[in-house]
Amino acid sequence: MTADTSAAAPRQRLRAGDDPDAHLRTNPAKVAIGIVGMVVVVWGLANLFLAFGYYPQWFGNKFVIGVLAIVGGVGGAALLFYFLNMFVEGLPRRLSEGLIPYAFILPGLLLVGLMLIYPTFQTINYSFANADSTAYVGLQNYKTIFGSSEFWQSIVNNILWLLIVPALVVAFGVIVAVLADKLSATGEKVAKSLIFLPMAISAVGASAIWLLVYAYNNPGQAQTGLLNAIWTGLGGDPQTWLALDTAKLNSILLMVILIWLQAGFAMVLLSSAIKGVPEDTIEAARIDGAGELQIFWQVVIPQIKGTIITVFVTVFITVLKVFDIVYVTTNGAYGTNVIANLFFNKLFAASEAGQATAIVVVLLIAVIPLIWYQIKHFRDEEAGR
Amino acid sequence: MSRSLMKDGRPRSPFSIVTMTILVILWTIPTLGLLVTSFRTRDDAAGSGWWTALFNPFGASWTTSNYAGAWTGSDLSSGFINSIVVAIPATVIPIMFAAFAAYAFTFMEFPFKEFFFLLIIAVMVVPIQVAFQPMLNVLGPRGLGISGQYIAVWLLHTGFGMPLCIYVLRNYMSTLPRSVVESAKIDGCSHFQTFWRLVAPMSIPAIAAFATLQFLWVWNDLLIAKLFLKSENTTVIVKLQQLLGTQGQGQELLTAGAFISIIIPMIVFVTLQRFMIRGMTSGAVKG
């Protein structure tokens with residue numbers, strides 16, 4: 001019997017390291033310091049950040065606040081994780097091994113929970129309440145928005161945006177990526193940088209740029225807008241383009257702005273996909289006598305299909321929420337309204353929180369298939385890893 | 001069939017050269033128009049198209065007074081400073097929280113791991129509009145009473161940027177060799193030490209990619225700044241949007257103002273482009 005226990009003991013010792021007992025028992029000092037540390041850090045950070053809000057004059061000027069926020073935010077997060085780690089390590093090993101992952105994801109998840117998940121449910125809740133979310137009104141908000149022609153017009157416009165913009169962005173992206181690939185190295189770099197550059201520009205800035213293109217001057221005056229200058233040069237009368245809703249022309253002109261902003265993004269992703277197409281598959285097709293167009297459609301496109309779908313979905317999500325461009329240029333007038341702009345005006349200008357949140361719920365329902373798609377896409381990718 | 005060859009031996013493609021030249025010109029002209037107009041006097045800009053000044057540069061009257069006017073007169077200077085104060089903390093703070101979460105999602109096994117990560121992916125698609133009315137209540141006078149201050153916007157951008165940041169960093173970290181982390185563990189490093197000394201420094205390219213995207217997103221944001229910042233704290237983008245609403249008087253300042261708002265993100269974009277492209281092509285896509 002004694003021989004048995006003496007044989008088992010060293011084995012256990014080997015498995016658990018030099019000092020097995022230290023890991024099996026709670027280390028009260030570590031736990032205590034960890035808890036106190038976390039409390040102090042959270043308390044200090046909360047006070048510092050609330051002070052930024054309540055007493056900004058204490059800090060002298062904005063830059064002091066900004067610098068303190070960075071130091072406090074990053075340093076505070078590091079300290080928080082340090083004490084969290086210490087606390088969890090102070091616990092018995094089996095417990096600590098199980099808890100550490102949650103300790104690491106908790107702060108991030110809490111932020112996501114507070115800013116995105118809680119509001120999602122609260123928004124659904126508010127959509128059944130009145131204009132300042134103080135009393136329930138049942139389905140009244142939904143009746144109001146579904147009964148307004150503005151809402152249905154916005155839905156139609158959103159659908160139009162969704163049909164046109166993602167497809168054109170992807171098409172432009174593919175064309176530019178393929179053609180740029182055939183340029184010299186310098187030419188490719190310059191061309192791609194210039195087409196990519198609008199991605200740095202805000203939608204508001206882009207609207208300012210394009211309002212200049214669409215500018216209108218009375219007939220007889222010199223046209224300062226490029227589009228009217230070309231149009232009158234061809235013999236037409238100057239047009240107030242953004243007020244022209246024949247065949248939704250004004251909406252289409254607004255879509256041009258978004259296509260201009262997004263094409264570079266599509267191109268960058270598609271270009272890297274095209275460069276990843278193995279040269280020998282193209283060579284083989286060439287030897288078989290396929291023309292350049294045939295190679296493009298039957299060899300290149302099938303191999304970059306995954307990227308095309310990714311880009312399409314990403315742009316699709318952006319378009320679903322399109323707001324800035326419409327808000328800044330027409331604010332929804334002349335039949336150009338979209339859902340996100342309607343929402344903003346209900347919330348901000350009309351102070352109708354009930355109707356505004358009901359509109360968001362409609363938007364939320366529209367993204368459910370996309371959430372499903374993203375999850376499926378992620379699972380497929382993980383399976384292929 | 002004697003096509004000329006490029007330096008690297010590939011045949012030159014005249015079709016590509018012509019089409020790409022046209023596309024690049026089309027893509028650049030609107031911005032060029034803005035730039036040229038911003039240096040023209042009010043009378044010039046109203047009397048003729050900007051291209052006439054470009055064709056006859058010595059006959060046109062050039063001025064920098066639009067910039068001076070927009071900077072001081074329209075108070076874009078304070079918007080510009082506010083944008084910096086808003087954008088830098090809102091870019092930096094989410095990274096720290098997200099990096100720890102990404103580490104756990106990459107290198108640790110735990111129950112409900114997939115559930116939590118799928119949650120992150122799902123909220124990436126959820127429109128941020130869902131957050132506005134509830135957060136106006138939480139941060140506004142009915143709640144904490146910090147709406148209008150920078151802190152409100154930092155908090156919101158941190159929360160909204162978090163899912164993408166976790167996703168980008170996790171995608172990148174899963175390409176790092178697992179053996180590095182495992183050998184650190186054998187050497188007796190805690191997870192905190194492994195993260196801090198090994199994984200965080202190795203993830204710098206992905207952090208730079210996310211930081212670029214987040215900075216552009218925060219700087220260029222209109223919605224959050226408009227709803228959650230009071231007017232003396234508001235950003236240059238909101239100031240520009242207000243300028244766009246004015247007609248007649250002061251319109252010549254608009255083009256200069258637009259350029260002032262564009263310049264910083266453009267510099268950031270051009271300098272950090274290569275990180276961003278690498279990050280994007282490895283799956284960093286904002287929902």
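Each chain gets a letter, A, B and so on, in the order the sequences are listed, and its residues count up from 1. Given the structure is predicted, the values throughout are model-derived calculations rather than measurements.
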Can you say whether [X] sits under 4.5 Å from chain B via the side chain, the backbone, both, or neither, judging by heavy atoms?
| X | value |
| --- | --- |
| A:Phe81 | both |
| A:Ala208 | both |
| A:Trp260 | both |
| A:Ala103 | neither |
| A:Ile117 | side chain |
| A:Tyr118 | side chain |
| A:Leu211 | side chain |
| A:Pro101 | both |
| A:Thr120 | both |
| A:Leu226 | both |
| A:Leu116 | both |
| A:Phe196 | both |
| A:Phe323 | side chain |
| A:Leu347 | side chain |

Considering non-hydrogen atoms only, spot the tightest contact between [X] and [Y] and give its length.
| X | Y | value |
| --- | --- | --- |
| A:Trp210 | B:Pro30 | CZ2-CG, 3.6 Å |
| A:Ser202 | B:Ile237 | OG-CD1, 3.3 Å |
| B:Ala104 | A:Phe104 | CB-CB, 3.7 Å |
| B:Arg10 | A:Ser184 | NH2-CA, 4.3 Å |

If I measure from the heavy atoms of chain A, does [X] come under 4.5 Å with its side chain, its backbone, both, or neither?
| X | answer |
| --- | --- |
| B:Met266 | both |
| B:Thr91 | neither |
| B:Phe110 | both |
| B:Phe192 | both |
| B:Phe15 | side chain |
| B:Lys226 | both |
| B:Trp51 | side chain |
| B:Ile95 | neither |
| B:Ile264 | neither |
| B:Leu156 | both |
| B:Ile29 | side chain |
| B:Ala46 | backbone |
| B:Ser190 | both |
| B:Val138 | side chain |

Between the side chain of [X] and the main-chain N/O of [Y], is any donor-acceptor distance below 3.5 Å?
| X | Y | answer |
| --- | --- | --- |
| B:Asn220 | A:Ala203 | no |
| B:Asn82 | B:Val86 | no |
| B:Arg40 | B:Ser48 | yes |
| A:Asn228 | A:Ala215 | yes |
| B:Lys230 | B:Gln149 | no |

Legend entry - Within-4.5 Å side-chain heavy-atom neighbours: A:Val256 and A:Tyr214: yes

Legend entry - Within-4.5 Å side-chain heavy-atom neighbours: B:Thr31 and B:Leu35: no

Inset, instruction - Classify the ring geometry between A:His377 and A:Tyr373 as parallel (under 30°), tilted (30 to 60°) or perpendicular (over 60°). - result: parallel

Legend entry - Plane angle bin for B:Tyr167 and B:Phe117 - parallel if under 30°, tilted between 30 and 60°, otherwise perpendicular: parallel

Inset, instruction - Salt-bridge test for A:Glu382 and B:Arg170: reply yes if a basic N is under 4.0 Å from a carboxylate O, no otherwise. - result: yes

Taking every heavy-atom pair that is under 4.5 Å apart, which of [options] has the most such pairs with chain A?
| options | value |
| --- | --- |
| B:Ile84, B:Ile81, B:Thr158, B:Ile128 | B:Ile81 |
| B:Ile146, B:Leu26, B:Val238, B:Leu34 | B:Leu34 |
| B:Pro111, B:Ala45, B:Ala98, B:Cys165 | B:Pro111 |

Inset, instruction - Output, in order, the C-alpha distance, side-chain angles, deciding distance and verdict of ring-ring contact (aromatic ring centres under 6.0 Å, His included) for B:Phe195 and B:Phe100. - result: CA-CA 8 Å; B:Phe195 168 81; B:Phe100 275 96; 4.1 Å; yes

When [options] are compared by non-hydrogen pairs under 4.5 Å with chain B, the top option:
| options | result |
| --- | --- |
| A:Val361, A:Leu364, A:Leu197 | A:Leu197 |
| A:Tyr102, A:Phe344, A:Phe49 | A:Tyr102 |
| A:Ile368, A:Leu84, A:Ile209 | A:Ile209 |
| A:Leu183, A:Ile371, A:Leu111, A:Val74 | A:Leu183 |
| A:Val112, A:Leu50, A:Val213 | A:Val112 |
| A:Met86, A:Gln122, A:Glu97, A:Lys62 | A:Lys62 |

Legend entry - From CG (A:Leu270) to OG1 (A:Thr307), nearest 0.5 Å: 6.5 Å

Legend entry - Centroid separation B:Trp219 to B:Phe269 less than 6.0 Å: no

Inset, instruction - Using side chain to side chain contact (heavy atoms under 4.5 Å, CB included) as the criterion, list what pairs up with A:Asn217, not counting sequence neighbours. - result: A:Gln221, A:Gln223, A:Thr224

Legend entry - Pairs where residues 128-138 of chain B contributes a residue and the test side chain to side chain donor-acceptor pair (under 3.5 Å) is met, not counting sequence neighbours: A:Tyr126-B:Asn137, A:Ser133-B:Gln133

Inset, instruction - Tell me, with the steps shown, if B:Lys239 and B:Ser261 meet side-chain contact (heavy atoms from CB on, under 4.5 Å). - result: CA-CA 9 Å; B:Lys239 294 264 180 200; B:Ser261 80; over 6 Å; no

Inset, instruction - Check the surroundings of atom OH in A:Tyr82: do more than 12 heavy atoms from other residues, nucleotides or ligands lie under 6.0 Å from it? - result: no

